[in-house]
Amino acid sequence: MYSETVMDHFKNPRNVGEMKDPDGVGEVGNPICGDMMSIYIKVKDDSIDDISFLTFGCGAAIAVSSILTEMAKGKTIDEAQKITNKSVAAALEGLPKNKLHCSNLGADALQMAIRNYLDKKAGIVREEPKRSDKHEHHHGDACYCPYCDVEAVEDSPVCVNCGREMDEAH
Amino acid sequence: MSILNLDHLATNPLLPEVQEAMIEAIKKNYGNPSSQHQLGDEAAAALQQARERVAGLINSPVPKEVVFTSSGTESVNHAVKGVAFANAEKGKHIVTSNIEHNAILRTLRALKMMDYKVTSVPVDEYGLINPSDVADAIRDDTILVTIMHSNNEIGTIQPIEEIGQITQEKKVIFHCDAVDSVGVVPIDVQKLGVNLLSFAANQFYGPSGVGGLYIRRGTRIWPLLDGGVQENNKRAGTENLIGIIGMGVAAELASQEMEFRIQHARKLKQTLTEGLQNRIEGILINGHPELSLPNLVSVSVQYIEGEGIVLMLDEENIAVSTRSACAAGALQASHVLLSIGRDFADAQGTLVITFGRDTTEADIERFLEVLEEVVQTLRNMSPLYVKAMQEQAEGIALS
């Protein structure tokens, strides 16, 4: 199901762990959608000097996080800002279609960590870039009712198919 | 190294006796059981023998009440759609539960598009249905109650006999999806009071591609497949005789070995459940502690996701199943786990471990050892685990 590169990064993940005193933190996803990722960066001379991750999710999610840290490490902020979910998936030699929905959030987390760093540097105080418990559509794909597999209507509190309440479940 | 199969719900090997019988049947080049000539007679006799064996497994007094199908899924579709279509003039209301298999859920979804109405009764934290909820849900226009015997994700066994008494009193047709129970635990269709009961051969070491539907005499039901007069006009299409012969042998062996298999499985289940509780913190055992399948353990491992566990165990040549949304491909949390009150994160980390007659205590020990390591590896990567550990440390520091 997964490419060799995905399995390699899943089995031997690089740069795992929480970072002490990071310069930037990005957290995306929630368990409802399947995956959560935290990316921590340390910046030196406008480059990503160190990076690490924590991930709750499937094999693909872990591989995405791992390869992302390799891709970003040593890059200038400018260069790192060009990393996208698409380029991460390409570096992994592709991901199964159904994994592009939830698992491929690594670049979003990285961009959030960079923004967090830039904000701090500029003295902008935003709300903590804490993970939102609400479902966020980072990926632009459709979401599905957790009870039946019918596509959920945006902002609808109940599933149009099975009629069950979804809260923020979709 | 051979693979340790702890996913018997998905893959049961054919027993040697079943293999032999099927190979023998292939070599014999049976005719068509429906034929009027000698070639047909022999085939019809083999079909009849298999039917009697399968009828014996579910204690059906009349072998004719057993209809061979292609799978548990077909049986379920036949039962539900067949009753719905045949009784539409009487009413269009069906009662079911919140934790049924997709075969039921999606069959009912299709019927809803044809203006059938469905009431789904809830389950408690163990996945048990309260029979009085079923009684309350039955209306004047209710034509069918369909409730599963045991649940394929958590193993809980429902009070089918009590529900059967209710449906008999209220004169409503009762279908029981017993795919995960028949051949595993004793099933007596007379005692259960069901009109219809679905099952499949591959759940008891028979071949896949063969299922059965028990249809009690006098039950108003249409065929799902129209055509010839096979299976007493209840299921058209030339019989899969080789598969059916295999199912017959598997059914007879299941009847003979039932007590041994249950005792063996119960011991393994105890070893596994205790082992999990002793070795790994932050786990939740799902399903009813007593009223459940002896060969199934469902465990939610907190803070991590199931597909990662399955892949890492696979690297160690251990096969288990997960109910994680990620692995299911549907990107939805299990409706069964949500129905018993698990939250999304816990549902994600759920493993279903099923074992068989050849599984040993040493197999379970090996699984526990490997699992312990795998869980810790994945937890060390998990933001949920790291956060929980920090909160625990702060709590200790404060007190």
Side-chain angles (χ1 to χ4, degrees), chain A residues 1-2 6-7 10-11 13 15-18 27-40 52-63 65-66 96-103 109 131 135 141-150 152 159 161-164 167-170, chain B residues 98-100 102 105-106 108-109 112-113 117-120 122 301-312 314-316 322 324-339 342-349 374 377-390:
Chain A
M1 182 173 81
Y2 289 133
V6 172
M7 284 311 286
F10 167 67
K11 285 191 280 181
N15 306 306
V16 178
E18 197 182 21
E27 297 179 327
V28 297
N30 62 48
I32 293 167
C33 223
D35 297 311
M36 296 166 69
M37 287 178 199
S38 305
I39 295 283
Y40 307 89
S52 68
F53 80 89
L54 286 177
T55 290
F56 169 91
C58 62
I62 289 167
S65 317
S66 169
K97 228 176 176 179
N98 63 340
K99 296 290 181 178
L100 291 170
H101 170 70
C102 274
S103 310
R131 175 172 43 248
H135 179 82
D141 262 335
C143 266
Y144 299 86
C145 169
Y147 304 102
C148 62
D149 63 350
V150 166
C159 171
N161 179 58
C162 68
R164 293 220 215 174
D167 298 327
E168 290 143 356
H170 69 101
Chain B
N98 281 354
I99 62 165
E100 298 295 311
N102 265 346
L105 292 182
R106 293 187 175 177
L108 292 175
R109 189 168 84 189
K112 277 192 231 174
M113 291 173 196
K117 304 286 177 233
V118 175
T119 301
S120 191
V301 185
Q302 294 185 296
Y303 316 120
I304 54 177
E305 186 274 337
E307 191 205 84
I309 309 177
V310 168
L311 290 175
M312 284 197 172
D314 191 40
E315 287 293 314
E316 301 289 329
T322 176
S324 138
C326 305
L331 303 174
Q332 54 181 342
S334 149
H335 65 287
V336 176
L337 295 166
L338 296 179
S339 294
R342 295 285 175 254
D343 67 23
F344 284 92
D346 293 342
Q348 289 285 50
V374 165
T377 304
L378 287 167
R379 280 184 172 173
N380 289 341
M381 282 187 236
S382 163
L384 293 175
Y385 181 71
V386 170
K387 200 176 147 205
M389 287 304 105
Q390 281 166 356

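Computation of the quantities below employed the complete heavy-atom set of this structure, encompassing side-chain atoms and omitting hydrogens, waters and symmetry-equivalent molecules. Everything numeric in this text was worked out from a predicted model, so none of it was measured. A note on names: the letters A, B, ... follow the listed sequences, proteins ahead of strands, and every chain is numbered from 1.
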E315(B) meets the side chain to side chain contact (heavy atoms under 4.5 Å, CB included) criterion, sequence neighbours left out, with M7(A), K11(A)
L378(B) vs F56(A) side-chain heavy atoms within contact, under 4.5 Å: no
Answer whether the closest heavy-atom distance between the side chains of V16(A) and M381(B) falls below 4.5 Å.
yes
Shortest non-hydrogen pair, L54(A) vs P383(B), comes out as C-CD, 3.6 Å
Between E307(B) and A60(A), the two heavy atoms sitting closest are OE1-N, 4.2 Å
* Asked: Do E305(B) and M36(A) come close enough that some side-chain heavy atom pair is under 4.5 Å?
  -> no
Sequence neighbours excluded, the answer for side chain to side chain contact (heavy atoms under 4.5 Å, CB included) partners of N380(B) is Q376(B), Y385(B)
Interatomic distance, CD1@I62(A) vs CG@L311(B), rounded to 0.5 Å, equals 9.0 Å
